[in-house]
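Sequence lines set the chain letters: A, B, ... in the order given, protein chains first and strands last, and positions in each chain run from 1.
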There are 2 protein chains.
Amino acid sequence: MTTDIGDQLGEAGRSGLRARKKLATREALSRAALRLALERGLQNVRVDDIAAEAGVSPRTYNNYFSSREEAICFLSVQRAQRIGAALRARPPEEPLAEAIGHAMAEEYAGRSEPDKVTMRMFISEPALRGEYLKGLTAVEGPLAEAIAARTGTDPERDLFPRVLAAAVTSAARTATRHYLRTETTAPFAAVVRDAIELIAPAARAHEGRRA
Amino acid sequence: MTTDIGDQLGEAGRSGLRARKKLATREALSRAALRLALERGLQNVRVDDIAAEAGVSPRTYNNYFSSREEAICFLSVQRAQRIGAALRARPPEEPLAEAIGHAMAEEYAGRSEPDKVTMRMFISEPALRGEYLKGLTAVEGPLAEAIAARTGTDPERDLFPRVLAAAVTSAARTATRHYLRTETTAPFAAVVRDAIELIAPAARAHEGRRA
DNA sequence: CCGGAAGTTGCGCGACACGCATAATTTCGT
DNA sequence: ACGAAATTATGCGTGTCGCGCAACTTCCGG
């Protein structure tokens with residue numbers, strides 16, 4: 001078993017029962033870690049508790065995650081990466097902002113709004129914020145590819161795709177912080193859309209320059 | 001003694017000898033930590049080594065930093081925060097991109113280019129990347145204020161200042177990654193400027209909307 | 001159905017963050 | 001300039017933690 005971060009999503013990629021069980025265990029561990037952290041606070045969560053909650057040995061827990069933070073954030077990172085993948089799957093003709101909206105709607109379809117308490121913890125707890133930010137940057141790669149596919153630019157040579165991708169994830173992060181303000185009642189997707197719209201002129205300007 | 005993160009820069013702010021010694025110790029510890037990490041690799045740096053290198057007891061080291069990563073990144077975070085402060089000190093009439101250029105030139109005046117090996121370590125080592133990203137987001141606050149001062153918008157109500165601030169720091173981060181590519185020979189400040197220029201249209205669009 | 005691969009578990013070690021108590025040092029009022 | 005108060009440095013002990021190692025168990029392919 002490897003804890004290779006790159007395999008975390010591709011766990012169900014190839015073989016059958018084995019990989020599925022692995023992913024299930026990882027998700028169970030992450031769910032347990034998040035639940036306990038929300039219940040009793042990050043400080044009062046022992047590794048053994050997480051393992052027990054997920055029904056595995058503490059040693060096995062450490063085979064999947066090398067820190068509580070990683071365990072707690074995994075589900076959210078997974079969700080962000082799903083959005084990134086969904087985005088890359090949208091037709092390249094579709095405008096970026098619209099594609100992002102669809103990708104998010106796809107992810108949050110049916111389900112409720114994202115949990116504010118969880119997000120608040122991710123941001124306020126210093127130990128989690130680092131992992132949270134790392135997770136966000138992990139989406140920038142796929143996002144840059146999606147952007148490159150739309151603009152026809154090469155991410156290796158031209159700065160634009162990666163810069164815009166980073167700007168978009170940053171906008172999403174900023175939107176999240178704004179969404180968490182108690183006065184805000186607008187749905188999450190709408191706030192994100194507004195934030196992204198603020199940097200959309202950069203994308204349009206680049207299109208114009210390219211044409 | 002507190003390790004309050006908010007006091008890290010303001011250590012020399014008020015009182016005299018006491019605060020200055022404190023800051024000196026903190027910087028010495030950070031320098032030692034960074035130097036050792038570069039020499040023998042992050043894995044082979046014990047806390048005791050850092051403390052010994054800085055001439056303090058291991059316990060004292062832990063009074064200043066609660067993790068190796070924090071210690072290693074402190075100097076860089078400090079530098080980023082200085083740039084943020086310098087930016088906020090620029091005249092509000094000055095265009096944002098230009099002000100950023102001046103603030104960076106002010107920081108890197110005389111000194112050499114930033115160390116590529118160090119930056120590469122910050123990005124490649126997962127343990128450091130989280131702290132590195134946290135440091136970058138810490139600059140977003142001052143940056144947002146500088147932007148708000150230029151646009152006259154209120155960061156509490158309007159998304160724009162914070163979104164643009166986050167986009168700018170993201171652009172700087174992306175520029176850093178591009179700067180680290182072996183083929184790149186352009187000076188750091190130039191790459192950063194190019195990256196920021198790519199998102200500048202968003203700022204101009206907002207100005208236009210406001211006018 | 002069997003042999004090897006992959007996953008799980010228990011044990012133990014090295015390291016680390018931090019609370020607490022004590023000594024050393026700086027600051028400040030007079 | 002001197003002594004009390006506040007701040008800081010240090011030593012020690014404790015509770016965790018991450019992970020290497022070596023069995024043991026489960027799963028997959030032929």
Rounded to whole Å, how long is the line connecting atom [atom1] of [X] with atom [atom2] of [N]?
{"X": "B:Y64", "N": "D:dT7", "atom1": "OH", "atom2": "C1'", "value": "10 Å"}
{"X": "A:R26", "N": "C:dT8", "atom1": "CZ", "atom2": "P", "value": "10 Å"}
{"X": "A:L42", "N": "C:dA17", "atom1": "CG", "atom2": "C1'", "value": "14 Å"}
{"X": "A:N44", "N": "D:dT16", "atom1": "CG", "atom2": "P", "value": "11 Å"}
{"X": "B:L23", "N": "D:dT8", "atom1": "CG", "atom2": "P", "value": "13 Å"}
{"X": "B:D49", "N": "C:dG14", "atom1": "CG", "atom2": "C1'", "value": "13 Å"}

* Who are the salt bridge (Lys or Arg N to Asp or Glu O under 4.0 Å) partners of A:E107, not counting sequence neighbours? -> A:R79, A:R82, A:R111

* **Partner residues of A:R46 under the salt bridge (Lys or Arg N to Asp or Glu O under 4.0 Å) criterion, sequence neighbours left out** =>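 A:R46 satisfies salt bridge (Lys or Arg N to Asp or Glu O under 4.0 Å) with no other residue.
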
* For nucleotides 17-26 of chain D, read 5' to 3', which letter fits each nucleotide if B means a protein heavy atom sits under 4.0 Å from the base, S means only the sugar-phosphate is that close, and - means neither? -> SBBBB----B

* Asked: Could you give the angle between the helix axes at the two ends of the helix from C:dC1-D:dG30 to C:dT30-D:dA1, with five pairs per end, rounded to 10 degrees?
  ->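 That helix has its two terminal axes inclined by roughly 40°.
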
Could you tabulate the donor-acceptor pairs under 3.5 Å formed by side-chain atoms of residues 97-104 of chain B, not counting sequence neighbours?
residue: B:H102; atom: ND1; partner: B:R90; partner atom: NH2; Å: 2.6
residue: B:H102; atom: ND1; partner: B:E94; partner atom: OE2; Å: 3.4

* Of all residues at least two apart in sequence or in a different chain, which pass the side chain to side chain contact (heavy atoms under 4.5 Å, CB included) check with A:R173? -> A:Y132, A:L133, A:L136, A:S170, B:T137, B:E140, B:A166

Let me check something: any side-chain donor-acceptor pairs from residues 155-165 of chain A under 3.5 Å, sequence neighbours excluded? List them with distances.
residue: A:D158; atom: OD1; partner: A:F160; partner atom: N; Å: 3.0

* **Pairing residues for A:F122 by the ring pair (Phe, Tyr, Trp, His ring centres under 6.0 Å) criterion, not counting sequence neighbours** =>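 A:F122 satisfies ring pair (Phe, Tyr, Trp, His ring centres under 6.0 Å) with no other residue.
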
* Asked: Within the pair B:T60 and D:dT10, is there a side-chain N or O less than 4.0 Å away from OP1 or OP2?
  -> yes

* Do A:R40 and A:D49 come within less than 4.5 Å of each other through their side chains, counting heavy atoms only? ->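 Yes. Closest side-chain heavy atoms under 4.5 Å.
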
* Asked: With sequence neighbours left out, what residues match B:E145 under side-chain hydrogen bond (donor to acceptor under 3.5 Å, both in side chains)?
  ->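 If we apply the side-chain hydrogen bond (donor to acceptor under 3.5 Å, both in side chains) test to B:E145, skipping adjacent residues, the hits are B:R88.
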
